There are 2 protein chains.
Amino acid sequence: MTKDTREKIIELAQEAIATRGYSAFSFRELATALGIKSASIHYHFPTKTHLGVEVARNYRGQLKHAFDNIENGYPDDPKKALESLIAVYRYEVRSSQRMTVCTMLGAEIKNLPVEIQTEMKSFYDLNIGFIERQFQKMGYENPREKACQLFALLQGGLMGSKGQNDPAYFDVVVKSAQLL
Amino acid sequence: MTKDTREKIIELAQEAIATRGYSAFSFRELATALGIKSASIHYHFPTKTHLGVEVARNYRGQLKHAFDNIENGYPDDPKKALESLIAVYRYEVRSSQRMTVCTMLGAEIKNLPVEIQTEMKSFYDLNIGFIERQFQKMGYENPREKACQLFALLQGGLMGSKGQNDPAYFDVVVKSAQLL
DNA sequence: AATCACCTATCTAGTGATAGATAGGCTTGA
DNA sequence: TCAAGCCTATCTATCACTAGATAGGTGATT
């Protein structure tokens, strides 16, 4: 019951961060959305930094979980696994107003409390690690490098689609990943 | 003399936006840096939106100017022209705390006044247009698509380098552009 | 040449709104 | 009974923004 509130706060904060950024969301706005008062959010998270860190950790967990699922689903089909990842991004491009938490916090990084800055590295490690493993399975010679390249393409493609308000941009960009 | 103040405000605001974002910079901080009062900034720019639009326009002008220079310098060497563009990004990666104005405002887009959102499209048109022209000169079959791909790579590479605090990431990412 | 009107660029002092944060009290269920 | 969860009420700091004043320069009229 009460645990729910805490989780809902994290969920809403995550959505807000991915959509408008860390510095642009407020306790009051989350509270209003939840039908409670901003003071009550401080009960669960003493400071905005605490909440931010928790969102980051939560996001990290979701990432890990999603990657585990994909890899369990396609243990011997790395190409399908990569396509699943791309499909997630494509879905975000087409159906949401959001960036990725990783992308948004990455852009804002110089304006974040150090505790959150620290979390950033793990987002990249998870994403690139997942991609790298697929490329390994595919027998590529420089799986790590290729992974960095694909991930940059995904991030750049997502950002560009939103910036130009053109979902097709993402598809065009990702097309070049067919040189996998 | 006095014209200078206005220009210095734009300059400082641009730096602040590229570093920490539109929603994270304040009139007071610019004023303090200039040794004046925030009220004086309102003399030059009635609202934050006005200033933001002016920064965007100014940035657009700088972009255009930089691209013109490169194209005049290498009218018959599109490869060198592209290398010049990449060198600019590489320099930003290694020597500054900044993102690009285009990258930063792109991430924040859902939190920007519409007047500034509108400017975004022109950043992409300029960047991608420049790259496309070089690919045309190089006789590529789908210069526009290739241009989108390279630009996404540059944006993603810049963001990733900052997010991981690893300049080498950019170099690794851009290496894949050697398939030009 | 002197005066009057206006402009530029800044100031002081303040507005109301909102930010994150805190102290202390009420309510409810185990 | 007592702690969890949320409340009211408030604080301090900062936000963008405004009103009104002032000092110094420009320029035209007399």
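Since we're looking at a predicted model, the values are computed, not measured. A note on names: the letters A, B, ... follow the listed sequences, proteins ahead of strands, and every chain is numbered from 1.
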Hey, which sits more toward the 5' end of DNA chain D by its nearest nucleotide, A:Arg28 or A:Ile36?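 So the residue in question is A:Ile36.
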
*Does anything in residues 24-38 of chain A pair up under salt bridge (charged side-chain N to carboxylate O under 4.0 Å, His left out), and if so which pairs, sequence neighbours excluded?*
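Every pair satisfying salt bridge (charged side-chain N to carboxylate O under 4.0 Å, His left out) with a residue in residues 24-38 of chain A: A:Arg20-A:Glu29.
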
>> So that I can tick it off, tell me whether A:Asp171 and A:Lys175 are bridged by a salt bridge, with the cut-off set at under 4.0 angstrom between side-chain N and carboxylate O.
In response: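 No salt bridge links A:Lys175 with A:Asp171.
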
For the [atom1] atom on [X], are there more than 12 heavy atoms of other groups (residues, nucleotides or ligands in this structure) within a distance under 6.0 Å?
| X | atom1 | answer |
| --- | --- | --- |
| B:Asn165 | CG | no |
| A:Lys121 | NZ | yes |
| B:Gln97 | CD | no |

Is B:Phe25 touching bases, backbone alone, or none of the nucleic acid, heavy atoms closer than 4.0 Å?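 Contact class for B:Phe25: sugar-phosphate only.
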
Check: Across the strands shown, which category fits A:Ser40 at heavy-atom distances under 4.0 angstrom: base, sugar-phosphate, nothing?
Finding: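 A:Ser40: base contact, heavy atoms under 4.0 Å.
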
| request: For B:Asn111 and A:Ala24, work out which heavy atoms get closest and say how close. | output: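 Closest pair (atom of B:Asn111, atom of A:Ala24, distance): ND2-CB, 3.2 Å.
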
| query | Any side-chain N or O of A:Thr5 under 4.0 Å from OP1/OP2 of D:dC6? | reply |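 Yes, such a contact exists.
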
- prompt: Would you say B:Tyr43 reaches C:dT10's phosphate, i.e. side-chain N/O to OP1/OP2 under 4.0 Å?
  reply: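 For C:dT10, neither OP1 nor OP2 has a side-chain N or O of B:Tyr43 closer than 4.0 Å.
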
Going 5' to 3' through nucleotides 22-30 of chain C and flagging B where a protein heavy-atom sits under 4.0 Å of the base, S where only the sugar-phosphate is that close, and - otherwise, we get B--------

*With respect to the side chain of A:Lys37, which nucleotide from D:dA16, D:dT8, C:dA21 is positioned closest?*
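Per side-chain heavy atoms of A:Lys37, the pick is D:dT8.
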
#### Entry: For atom NE2 of B:His44 and atom P of C:dC7, their distance in whole Å
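Computing the B:His44:NE2 to C:dC7:P distance gives 17 Å.
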
Mind telling me whether B:Phe25 and B:Tyr22 have parallel, tilted or perpendicular rings, with 30° and 60° as the class edges?
->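 If you compare the ring of B:Tyr22 with that of B:Phe25, the planes turn out perpendicular.
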
Worksheet entry | Residue-level proximity of residues 15-23 of chain A to DNA chain C when a heavy atom falls under 4.0 Å |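 Heavy-atom cutoff 4.0 Å gives no residues at all.
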
Answer with yes or no after comparing the ring centroid distance for A:Tyr124 and A:Phe151 against a 6.0 Å cut-off, counting only values under it.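 Aromatic pair counts; centres sit under 6.0 Å.
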
